[in-house]
Structures are given as C-alpha cells and as structure tokens.
Amino acid sequence: MSKREFQTEVSQLLQLIIHSLYSHQEIFLRELVSNSSDALDKLKYLSLTEEPYKSLPFDPRIDLELNEEAGTLCISDTGIGMNDEDLVSHLGTIARSGTKNFLANLSGDAKRDSNLIGQFGVGFYSAFIVADKVEVVSRKAGEETAWRWTSDGKSGFELEPAERATHGTTVTLHFHEEGKEYANSYKLREIVKKYSNHIAFPIFLTADENEWDETEKKSIKKRTTKQANAASALWKRSKSELKDEDYTELYKSISGDWEDPLLWFHTKAEGTMEYTTLFYIPSKAPFDLFQADYRPGVKLYVRRVFIMDDSKELLPTYLRFVRGVIDSEDLPLNVSREILQQNRVLTAIRTASVKKILSELKSVAADNPEKYIKFIEEFNRPLKEGLYSDHANEETLLDLIRVKTTTADSWTSFAEVKGRMKEGQKAIYFITGQNATQLRTSPLLEIYKKKDIEVVILADEIDEFVFSRIEKYQDVELKSVNKASAGDDLKDETTEEKREALTPLLEKLKGVLGDKVKDVRQSSRLADSPSCIVTDEEEPSMQMRQMLRAMGQKEMPDAKPILEINPDHDIVKKLLASTDDSLLEDTAFLLLDQALLVEGVALDNPSEFVQRLNRVLNRAV
Ligand code: ADP
C-alpha cells in the first residue's frame, strides 16, 4: 500500500468545497453520477471505433447501492475505468488549468464563492461534502488489475491493488454524521430525478424498501433494485413532450450550474442534413467568460454517442457562454479534432446554429424585453465581440446589442435610436472612450445637446475597435463624434463668414503649436468650450492610442490630434483682438492641453501646463 499527499491546490479546493457547499450538499450525487456517465460515454465511443474495445462487453449502467445500516452508498459504473496512474493524476491533482484561475477568483465571501463553485462544477471532490471516507475501486477497460484509492479528504490518499470482476469504477461513500440524511432511498431517488433524469444511461437504485408481501399480508423490508431515471437523450424527444423542468434539469446536469438557465432553444433540422441542437443561455455569465482558457459549453454527439465537450470549434468564440448539445446524424463517429475544423457537415451545422441562436435572441428581444435585458446585462459585451469578428451576421448583431445614449440612461437599441433621429439629422452619432461619466461631459457633445441630437455613448474598451469598422446601421451612417468629419455635418450658414475672421488666428496657433498638432481648424461642434481635439478618419483616437500603448504596443506611428477652435467663445474672440504674443503662446498650449485633459488623455508635460496656467492666472487676478 502506498500513501500519497494531495497536490496543494487539491487540499485548498477540498476545504473550500466542504465549507461553502453546505447548503447544496445534494449535488454530490449529481457530480458522481455525471462522472460515471462520462466514463460510459468514453467507453461507448471506443467500443464503436477501436480495438481492443470493440470486443469488450459493453453493458452500460450506473448502479447506486445503499446500505442504510452501515451508512454507505456505492456508485458503480461499467465505464472506461481508471488504472493506478489515472487515479493518481485524476483524483490526486488538479489537471485543469482553469482551476487555478478559479481559486484565484475567490473572494472569501462564502455566498459568492459557493455560486462560483456552482458554476465551476466541483466534480469528484464533492464526495467529501457528505462523507469522511471515500473509497474508489476501479479497473480500466482492457486491463487486468484493479486498484483501490482511499482517502479521508484531508491530507492525502492511499493506493493499493484490488479486485474487480469487470472494468468500470465503484465509488463508496462512508457518510459522516451530517451526511447520513442521504442514506435514504426515497431521498436518493428524488435527487436522481432532479439532476440526472436525462442522463443517457439507466441508473438503478438498490436498497431495502418496504414492499407489500401477498403471502404475509403485510409490508416487509426487501432488497430491491429499481431504475431511478428516464434515461433518454432528452434533446431527441419532441418539444411538445418536454416540460420546462425537463429542460432545466438537463441544463443543470450538463452545465454544472445550479441556477436555472435564462433561455433555451431546441431545434431539429431535417433534410439534406439531419441534426438536433439544444442551446441554453445561462442566467449569469460564466466566471471564465473573459479568460483565454475558458471552458467551452457545447457537447458534440453523433447519433447520441458522446464525442467531445472541449472543442472550441463548435461555436464561434463570441458565443462561448452558450451551453448545450449538438447531435449530428451525418458525422462519422471517429471525427477527430483536426478533421472537425474543416468538416463540411460541422461547418454547416455551426453556421446554422449561430443563425438560429441569433434569430431566437431577436424574438426574445421582441416578445419578452424584460428577459432580454437580463440577457444583455450579462452578455452584451460578447455580442459586441461578434460585431468585430462575425461579418456575416453584422446586421443581426447590430440589432441585438444594446447601448446607452445621451438621452437614454437605460438600454436602448440602434433601431430605437434611429427612430428618434431629428429631421435633417445626417447620421447616428456615437462617442467612444473608457469612462461613461467622462464621455457624457465631453465638449464634443455640446453642439449635439444644443441641437437636441441623441448621441450613443460607447464606453466598453472594445467599442472603438468594434465600431471603427461598422459604417452603417441599416441605411443610416454611423459616425464617431471623435472624428473630424462628423463636424462637417454640423456646419451652418454662418460658418463661412466666421471662417474669414478666424483664419489669421488659426494660422498663428498653428505656428505656435507646430508639430504638436496635425492641424488647427474652426469648429462647428462646440457650444460652451473654447476648444476640442478630434482625429482624422483613418486614425485611432487619442484614447485608443493611449490604451494600445498601455497594452504594450510600442511601435505606433506618431499621430497628432487636430485642434478645433470655437469661433463663438469669448476667449477666442478676445484672442482675435489681442496683440500680445506671449499671451497668445500660453493660451494656444492651454487650449490644446485642456482639450486633451477633458478627453482623458494624459499630458506629455504636466509641469509645463501648470506653469502656463499660472502665468495666465497671474495676469487675470
Ligand atoms: P471532471 O469530471 O470535471 O473532469 P472530476 O474531479 O469529477 O473532474 O474528475 C476528475 C477526473 O477523474 C475525470 O476527468 C475522469 O478522468 C476521472 N474520473 C472521475 N470519475 C470517474 C469514473 N467514474 N470513471 C472513470 N473516470 C473517472
């Protein structure tokens, strides 16, 4: 017999599971049954495709055996099994890379953390929520020796050779005092129904149960074995047969989430290609949504045989929050990961699935706006990523995302913004930046406020990337107010008159500011501020440049802002009349620097700014 220690993270995770899941104890059974079901899925696949597995007996079933007196429960399966190495690596270490991330994400707040663990799926270790000793006897398919793994869930585990008649795994839980409430056949049956009813394999429960005896004419305890689940691949059944509870139960068993899903879409495609998809949208964004090594949530089946659940190819990255099942009638069973990427059938299913998900979301937006806003609160951001990466669905995505605007504090759609356009308004305008509050007070918006034109506020860090490539919403141009040309739309009859008067000043300012600016121009977009900065059509904005630099992008072509001057502002009018060149120089720089500051751009030389400011103040007081 050999004694081993757990990897540090395992001990950490175990402590956490035991302490934060006391209000969700019953999930231990769901987790263990789903491990058994996975093990059966794996062997089923191999027994259809590969020697020596093809010639092994395959009698898929999961058995729960309760011994009330001893306070033990065995969960057995006839699946793929584990050998000694597997036991050490699967049950003694944490192989999954996401787990470390997960542990790093914990807050110490038990309620929040237990929700996180819920989403994460605690797996095998949940056995220790109800047991103080767990024994695993397993024999790997195709091998002769079996192994016993035993642990008290504290420091480590023991490993020794054992006996097992056939391949598969038996997990024996020795319930602790509190766990004993699960040593109850009625309760176990209920939990199986609740979480594992639609596991594709039969689950049998063996226990001592009171049964009517005809000869004795009374109820006596008998050892009986009864199937406890429906064991149907739910997604293969017709929608009309299925109740909301059926869908919710399947969602929980495949996603590990214990909250109900927000939405689901069940589709059966027939014709040139036959497949079934059942997609779920979770109520809350998965904790790893913005991590590069996120866990994909869609399982691929071929004719009900489980193929894989870790492929990021099944749906585009921006839909990584979708959970569910794709079951194809046309794919070969032995599709490999490499083939998957270029498989025509799968590409077609993927394209159709994306269309389906998006069009269903569109119907929800129309029919159930309240629910849709819940969806938006969680998943607006990934949809915007789609705008960037999925050109084929640009129009739909533009209809699906929601934005805030200068006049709408709650979520609104581009369709609604379009509907509210003013007579003669040439485009839908938007402003991008990192801070919504700051954006709302930007001088670039002054004229729009004055003219009562709604401007879309885009403050997600990806917004500028995304919206710089979208030219239109339906037939209306989308224009960034940060860009020089948006100002052209705002010119009026007086613009030309003012230009003549302003030109000499513009020339002087250009001379003073030199290569600090690309140009100095007359502005048509300012009301209360003397100046603002804008960028040329093709160039990233100053904020975006600042962000790219912060992200480590060093080689950026030197772009300079265009300084716009408000001809109607008092400072500008006085400057026009002034002949004081030193004042002109300070004011020129102050006009530029203040415009940069309001847009949240850091100054190259703040102390110079302060010196100039003080010189001007000195003259004023
Ligand atoms: P997960 O199932 O999420 O990968 P678990 O902690 O539940 O994490 O299990 C870890 C690994 O142990 C599984 O990935 C699987 O390889 C193995 N395992 C667990 N239970 C069984 C079982 N009943 N039969 C075969 N392998 C199992």
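Counting convention: from 1, in listed order, for ligands and their atoms alike.
When non-hydrogen atoms are compared, ligand 1 lies under 4.0 Å from the side chain of Asp77 (C-beta onward) but not from its backbone. The parts of His90 lying near ligand 1 are both backbone and side chain, judged by heavy-atom distances below 4.0 Å.
Residue Asn35 has at least one N or O atom closer than 3.5 Å to an N or O atom of ligand 1. Between Phe124 and ligand 1, an N or O atom pair is found at a separation short of 3.5 Å.
Contact detail for Val298 and Val322: the closest heavy-atom pair is CG2-O, 3.7 Å.
Taking 4.5 Å as the limit, some side-chain heavy atom of Asp246 sits within range of a side-chain heavy atom of Lys243. Using a 4.5 Å heavy-atom cutoff, the side chains of Ile326 and Leu314 are in contact.
With respect to Tyr280, the ring-ring contact (aromatic ring centres under 6.0 Å, His included) criterion is satisfied by exactly one of Tyr251, Phe375, Trp235: Tyr251.
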